[in-house]
Amino acid sequence: MGRVVIDVMPKPEILDPQGKAVVGALARLGFSEFDGARQGKRFELEVEGEVDQAVLDRAREAAVTLLSNPVIEDVVAVRAASNQE
């Protein structure tokens, strides 16, 4: 069984209140070395068999069509999961 990992992030020009809250909380907890944070989404799709380029292409199509809102989000990565993921 294979697995595809898809990362979706807000477009750079879109305000990210969740990311802003995260960076504020980091500073309050003493993690002062971080100046910014953006929060996105991660999806994992399981498939029968190996993940090949055709599967990745279909996963990207699904991500653009269903898993993201193309008005405010970018699909930034579509990849086969490694064994550590």
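Because only heavy atoms are used, hydrogens play no part in the values below, and waters and symmetry mates are left out as well, while side chains stay in. Here, residue 1 is the first one in the sequence, and each next residue gets the next number.
When the shell of 6.0 Å around CZ of Arg58 is examined, it contains 12 or fewer heavy atoms from other residues, nucleotides or ligands. Atom CG of Leu15 has 12 or fewer heavy atoms from other residues, nucleotides or ligands within 6.0 Å.
Between Asp16 and Ala37 the shortest heavy-atom distance is OD2-O, 3.9 Å. For the residue pair Arg38 and Lys11, the shortest heavy atom distance occurs at NH2-O, 2.8 Å. Closest heavy-atom contact between Pro10 and Gln39: CD-O, 3.3 Å.
Asp7 meets the side chain to side chain donor-acceptor pair (under 3.5 Å) test with Arg79; sequence neighbours excluded. For Asp57, the side chain to side chain donor-acceptor pair (under 3.5 Å) partners at least two apart in sequence or on another chain are Gln53.
Side-chain contacts under 4.5 Å among hydrophobic residues (ILVMFWY), followed directly or transitively, place Val76 together with Met9. Cluster partners of Val8, using a side-chain heavy-atom cutoff of under 4.5 Å among ILVMFWY residues and allowing indirect links, are Val4, Ile6, Phe43, Leu45, Val47, Val51, Val55, Leu56, Val64, Leu66, Leu67, Val75, Val78. Hydrophobic clustering, defined by side-chain heavy atoms of Ile, Leu, Val, Met, Phe, Trp and Tyr closer than 4.5 Å, leaves Met1 isolated from every other such residue. Here Val71 is tied into one hydrophobic group with Ile14, Ile72, each link being a pair of ILVMFWY side chains closer than 4.5 Å.
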